[in-house]
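Below you'll find the structure, written out as structure tokens, and then a few comments.
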Amino acid sequence: MTEADAIDIAVKHAEQQGWLWLEPVECKRRKRWLSNAVYVIRTNADKRGANVVLTIDAVDGKIREARFLSR
């Protein structure tokens with residue numbers, strides 16, 4: 001799975017939830033000690049508030065965590 005794939009999954013999930021999707025988007029790959037690597041995606045990355053934050057498994061593409069931070 002690539003960063004672009006992870007962002008596509010995140011966009012679709014945010015749309016389904018009705019969450020606001022603002023640029024810029026930050027996507028970082030993180031290795032976990034005893035599990036698969038994950039992508040952490042954060043929207044509106046240079047601001048506080050109105051952030052969509054998702055953690056997506058880098059191998060199978062499953063969303064491990066998703067939240068909208070209004071402030």
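Distance alone, capped at 3.5 Å, is enough to place a donor-acceptor pair between the Asn51 side chain and the Asn44 backbone.
Between Leu54 atom CG and His13 atom NE2 the span is 5.5 Å, to the nearest 0.5 Å.
Other residues sharing the hydrophobic cluster of Val40, ordered by chain and number and joined by side-chain separations under 4.5 Å: Val38. Through direct or relayed side-chain contacts under 4.5 Å between Ile, Leu, Val, Met, Phe, Trp and Tyr, Leu69 connects to Val53. Apart from Trp33 itself, the hydrophobic cluster it occupies contains Leu34, where clustering links Ile, Leu, Val, Met, Phe, Trp and Tyr at side-chain heavy-atom distances under 4.5 Å.
Using the six-membered ring where Trp is involved, Phe68 and Trp19 have ring planes that are parallel, under 30° apart on the 30 and 60° scheme.
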Counting only pairs under 3.5 Å, give me each side-chain donor-acceptor contact of residues 1-11, with atom names and distances, residues two or more places apart or in other chains.
{"from": "Thr2", "atom 1": "OG1", "to": "Ala4", "atom 2": "N", "distance (Å)": "3.4"}
{"from": "Thr2", "atom 1": "OG1", "to": "Asp5", "atom 2": "N", "distance (Å)": "3.2"}
{"from": "Thr2", "atom 1": "OG1", "to": "Asp5", "atom 2": "OD2", "distance (Å)": "3.2"}
{"from": "Asp5", "atom 1": "OD2", "to": "Thr2", "atom 2": "N", "distance (Å)": "3.2"}

Would you tabulate the side-chain donor-acceptor contacts of residues 21-29 under 3.5 Å, counting partners in other chains and residues two or more places apart, or write 'none'?
none

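Annotation for Leu20 and Val52: closest pair O-CG2, 3.3 Å, computed over non-hydrogen atoms.
For residues 38-67, the salt bridge (Lys or Arg N to Asp or Glu O under 4.0 Å) pairs, not counting sequence neighbours, are Asp57-Arg64, Asp60-Arg64, Glu65-Arg67.
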